[in-house]
Amino acid sequence: MGAKILDGKLIADELRAKVATEALSLSAKLGRRPGLAAVLVGEDPASHAYVKSKQKATNEAGMVSFEHRLPENTSEKDLLALIAKLNADNAVDGILVQLPLPKQIDTARVIEAVDPAKDVDGFHPMNAGKLSTGLPSLVPGTPLGCIIMAKKAHASLAGLDAVVVGRSNIVGKPLAQLLIAESATVTIAHSKTKDLKEACRRADLLCVAIGKPEFVKADWVKPGATVIDVGINRVPGADGKNKLVGDVAYEEVSKVAGWITPVPGGVGRITVACLLVNTLRAAAARGGLAVPNL
Ligand code: GUN
């Protein structure tokens with residue numbers, strides 16, 4: 001029997017509809033619409049596509065999107081000056097600096113420059129620290145999307161053997177923290193793990209975020225396991241055009257897994273919806289209002 005599909009579009013659409021309703025009532029209370037500033041440096045086509053879809057979703061949810069596109073050769077000083085301006089701008093509730101940044105810019109310094117109250121990506125060390133100590137914080141969208149997906153397959157994640165493949169600050173580490181908060185038993189595996197295949201095979205819940213196309217194969221997966229694929233990789237398709245594939249070999253793994261997220265149409269869709277939730281939260285908190293629970 002094939003795996004059941006966790007449909008990211010369906011789940012994201014539900015969440016976005018709730019955000020739109022809350023944004024309307026919050027706008028009435030604040031006397032303005034919640035605002036998200038997106039900062040994009042350089043010409044990376046994938047980053048342009050991501051930012052465009054985030055802006056479209058922001059507008060569709062009844063929030064304001066501010067766009068800042070800077071050339072590839074932008075200096076760190078100029079980028080920091082823009083962030084300082086956005087930090088001080090009352091119409092801006094959330095600031096999103098699309099990563100990766102060009103080589104001349106120190107990413108950590110930029111992340112630390114964003115006001116933690118406007119850090120809708122949840123990347124600031126203040127928010128990362130709050131997450132790891134169980135305090136309320138702005139949580140990165142992709143790991144939050146993984147948890148939302150996993151909870152569609154399991155009423156509770158408590159006691160599950162969860163394996164996270166990948167240890168990035170954006171996905172792997174915060175996802176592990178969120179899974180611990182859900183009382184899962186968490187292993188973080190990565191490229192130096194002694195026997196990665198064996199580590200994956202122990203998972204009831206396998207989350208993969210390594211950026212390697214179709215890396216995880218069917219015999220890496222415990223029969224019936226839930227597989228959450230965070231990868232979005234562009235590879236040449238049979239027709240010569242590029243196609244998107246995940247970090248999991250979908251065709252073969254879906255024959256073994258109990259539940260699986262497709263790529264595209266999986267976690268990526270929910271990531272954007274979670275960014276909107278964070279913008280709403282940031283706007284409410286900045287206005288001294290109750291933060292809607294979505
Ligand atoms: N680059 C890859 N993923 C992300 C993300 O979630 N946020 C930002 N800002 N950049 C990214």
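As the structure lists them, so they are numbered: ligands from 1, and atoms in each ligand from 1.
Among protein heavy atoms, the minimum distance from atom 10 (N) of ligand 1 is reached at Leu99 N, 3.0 Å. Shortest contact from atom 4 (C) of ligand 1 to any protein heavy atom: Gln98 NE2, 4.3 Å.
The ligand atoms of ligand 1 that sit less than 4.0 angstrom from a heavy atom of Val97 are 8 (C), 9 (N).
In this comparison of Thr271, Asp121, Val230, the heavy atom closest to atom 9 (N) of ligand 1 sits on Asp121.
Enclosure of atom NZ in Lys217 by more than 12 non-hydrogen atoms of other residues, nucleotides or ligands within 6.0 angstrom is indicated.
A salt bridge is absent between Arg202 and Asp195; no separation between the charged side-chain nitrogens and carboxylate oxygens falls under 4.0 Å.
For the atom pair Leu79 CG and Gln104 CD, the distance stands at 9.5 Å (nearest 0.5 Å).
Residue Phe123 touches ligand 1 through its side chain alone, judged by heavy-atom distances below 4.0 Å.
Using a 4.5 Å heavy-atom cutoff, the side chains of Asp247 and Val216 are not in contact.
When each of Asp93, Val120, Val19 is tested with Leu280 by the rule side-chain contact (heavy atoms from CB on, under 4.5 Å), just one qualifies, namely Val19.
When only interatomic distances are considered, the shortest N/O to N/O separation between Ile170 and ligand 1 does not fall below 3.5 Å.
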